[in-house]
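Okay, structure first, notes after.
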Amino acid sequence: MTLRTATALTLLATVGLAGPAFAEDYKIGVMSAQSGYLTPYDQPSYAGFKYCIDKMNEAGGMAGKYNVVLDVRDTRSDMAESVKVTQEMIDNGAQFIVSSADADPTIAAGQISEPAQIPTMTFAGTAPVMTQVGEYIFGSYPADNQQGTVLADFASEQGLSKVYILKSPDAAYTMGGPEYFAEVFEANGGEVVGESLYSLNQPDFSAIVTTIKNTEPAPDVIVTWAWEPDFPAFIKALRGAGVDTQVMGGDVLDTPTVRGLGDVVAGTYHTSGGFPEEGSAYGDFMKEYEAATGTEPDNNYYVNGCDIAHMIEQAVEAAGTTDPVAVRDALANIEDGEGIMSNFTFKGTDRMPLRPVVIAKINADGSKDFVSRGTADPDKLPKP
């Protein structure tokens with residue numbers, strides 16, 4: 001062994017002891033509400049995202065060479081705070097931003113990140129109007145018009161023909177989802193027999209329940225995209241009034257709180273982005289995550305957070321750089337990208353990914369059953 005060879009091996013050993021050698025840092029800003037209405041969705045999304053980012057860094061970095069540095073900011077589910085922290089993250093050098101799990105704060109963030117040409121992806125916002133802010137805004141979960149189409153087809157296949165719509169104009173999600181459902185349901189031959197508006201955080205649904213109870217002809221299904229705490233308040237009032245009409249909702253019902261409502265929520269169907277069947281990549285992720293962290297990932301937002309890390313990595317790999325404009329262009333051209341919850345396609349879309357939609361049924365004991373998985377028919381898909 002020559003002296004030069006021995007010196008080189010010594011240097012390599014020294015580098016190896018110091019951990020992975022990264023070509024450069026890749027800074028990602030993260031909006032994660034630690035209080036307020038987005039907490040049940042932002043916290044698990046961030047937990048899954050960080051878990052997979054940490055794994056990438058331990059394995060040599062994103063795309064095998066970029067050390068991901070997270071700049072995490074608490075929005076407190078407040079719109080003004082969302083705008084403020086977005087500006088702070090960009091000023092701090094963020095090259096990619098992951099925004100809160102709703103369309104409205106993502107739209108607010110996009111007002112700042114779009115002109116700065118920083119690609120921005122929501123944790124789980126599903127209102128398709130979100131990406132109309134500009135070319136740098138991306139969804140990650142199946143959009144509401146995809147979910148509404150699959151759910152309407154499912155309702156029609158069950159022989160249901162009369163629907164009552166419950167929606168709120170206070171958020172794009174709570175307004176748009178039921179409307180997309182109704183558009184496809186009517187195209188299938190169904191009828192909207194009534195609708196009501198509610199306000200976010202409305203404590204009393206008794207007047208709406210009375211209206212539903214007196215509607216003629218009586219609906220055979222009620223559809224809402226209401227989230228917590230509105231959905232629990234509504235379903236308790238509905239069942240408390242003796243109304244046993246079938247209820248269906250959006251992906252937002254996939255939470256432990258809703259499933260924990262017992263008999264009043266038993267039999268409720270909702271859309272979802274995936275289901276952890278035994279032997280699937282999703283099922284394996286759940287086991288791995290729980291073994292590593294001691295926490296059961298009991299909703300889809302954990303695995304979708306991890307999928308967002310993989311979406312960004314696939315874009316960085318395709319771009320061959322972390323330059324924000326190049327990463328944005330590469331992300332927009334991904335076709336049949338590999339995910340754990342499901343595969344995803346951005347190419348040919350308006351940056352709301354095409355992904356399969358699962359329908360699940362909630363049981364009285366807090367568990368949920370897989371019912372079906374389908375992809376929205378493009379010819380039926382309502383326009384945002």
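Here, residue 1 is the first one in the sequence, and each next residue gets the next number. Keep in mind the model is a prediction, meaning the values are calculated, not measured. Values below: all heavy atoms of this structure, side chains included; hydrogens, waters and symmetry mates excluded.
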Close side-chain approach of V247 to I235, heavy-atom, < 4.5 Å: yes

In terms of side-chain heavy atoms, does S367 have a donor or acceptor partner in D365 at a distance below 3.5 Å? yes

Side chains of D102 and S100: is there a donor and an acceptor less than 3.5 Å apart? no

Using a 3.5 Å distance criterion without hydrogens, assess whether the side chain of T86 forms a donor-acceptor pair with backbone atoms of I112. no

Main chain of A226, side chain of D230: is a donor-acceptor contact present, judged purely on distance under 3.5 Å? no

Taking NZ, NE, NH1 and NH2 as the nitrogens, is one of them in K27 or D25 under 4.0 Å from a carboxylate oxygen of the other? no

Test item: S82 side-chain N/O and A108 main-chain N/O as donor-acceptor pair under 3.5 Å: no

In sequence, state the C-alpha distance, the side-chain angles, and the governing distance for Y302 and D307, and then conclude on side chain to side chain donor-acceptor pair (under 3.5 Å). CA-CA 9 Å; Y302 287 93; D307 272 354; over 6 Å; no

Quiz question: by atom type and distance under 3.5 Å, do the side chains of D220 and Y164 form a donor-acceptor pair? no

Please assess K361 against N363 for the test side-chain contact (heavy atoms from CB on, under 4.5 Å), listing each intermediate value before the final yes or no. CA-CA 7 Å; K361 184 176 75 171; N363 300 313; 4.1 Å; yes

So, Y41 versus T255: side-chain donor-acceptor pair below 3.5 Å or not? no

Side chains of T174 and K167: closer than 4.5 Å at any heavy-atom pair? no

Full working for side chain to side chain donor-acceptor pair (under 3.5 Å) between S206 and D204: CA-CA 6 Å; S206 58; D204 184 2; 2.8 Å; yes

Would Q132 and R351 count as a side-chain contact (heavy atoms from CB on, under 4.5 Å) if you check the C-alpha gap in whole Å, the side-chain angles of each, and the deciding distance to 0.1 Å? CA-CA 9 Å; Q132 295 180 1; R351 285 158 280 106; over 6 Å; no

Kindly say whether the aromatic ring centers of F138 and F346 come within a distance under 6.0 Å. yes

Will you find, in the side chains of S32 and D42, an N or O donor that is under 3.5 Å from an N or O acceptor? no

Short N-O contact, R373 and E277, less than 4.0 angstrom: yes

For D263, I'd like to know if atom CG has over 12 heavy atoms of other residues, nucleotides or ligands within 6.0 Å. no

Is it true that the side chains of N300 and D254 contain a donor and an acceptor less than 3.5 Å apart? yes

Test of ring centre spacing under 6.0 Å for W227 and Y173: yes

Do any N or O atoms from the side chain of S140 and from the backbone of F123 form a donor-acceptor pair under 3.5 angstrom? yes

Return yes if a side-chain donor-acceptor contact under 3.5 Å exists between N304 and R355, otherwise no. yes

Sub-3.5 Å donor-acceptor pair from the side chain of T215 to the main-chain atoms of T211, do we have one? yes

Quick one: does R328's side chain have a donor or acceptor within less than 3.5 Å of a partner on A332's backbone? no

Hey, can you tell me if Y51 and Y289 have their rings parallel, tilted or perpendicular (30° and 60° cut-offs)? perpendicular

Take Q147 and D251 through the side chain to side chain donor-acceptor pair (under 3.5 Å) test and state the conclusion after the steps. CA-CA 8 Å; Q147 295 185 39; D251 64 284; 3.1 Å; yes

Judged by modelled atom types alone, do K380 and N188 share a side-chain donor-acceptor pair under 3.5 Å? yes

Taking atom types as modelled, is there a side-chain donor on Q43 or Q34 under 3.5 Å from an acceptor on the other? yes

Can you tell me how the ring of F185 sits relative to the ring of F181, calling it parallel under 30°, perpendicular over 60° and tilted otherwise? parallel

Can a side-chain donor-acceptor contact be found between S35 and R76 if the only test is distance below 3.5 angstrom? no

Polar side chain donor-acceptor pair, E290 to T295, under 3.5 angstrom: no

Criterion ring-ring contact (aromatic ring centres under 6.0 Å, His included) on Y282 and F275, from CA distance to verdict: CA-CA 7 Å; Y282 188 170; F275 199 91; 7.8 Å; no

Assess whether a salt bridge exists between K287 and E296, defined as any Lys/Arg side-chain N lying under 4.0 Å from an Asp/Glu carboxylate O. no

Using side-chain contact (heavy atoms from CB on, under 4.5 Å), reason through E317 and M62 one step at a time and then give a plain yes or no. CA-CA 8 Å; E317 283 181 330; M62 180 172 280; over 6 Å; no

Looking only at side-chain N and O atoms, does N92 offer a donor or acceptor that is under 3.5 Å from a partner on E88? no

Does the side-chain contact (heavy atoms from CB on, under 4.5 Å) test come out yes or no for I362 and V258, once each step is laid out? CA-CA 9 Å; I362 302 173; V258 171; 3.9 Å; yes

E58 with K55: basic N within carboxylate O range, under 4.0 Å: no

Main chain of P353, side chain of Q146: is a donor-acceptor contact present, judged purely on distance under 3.5 Å? yes

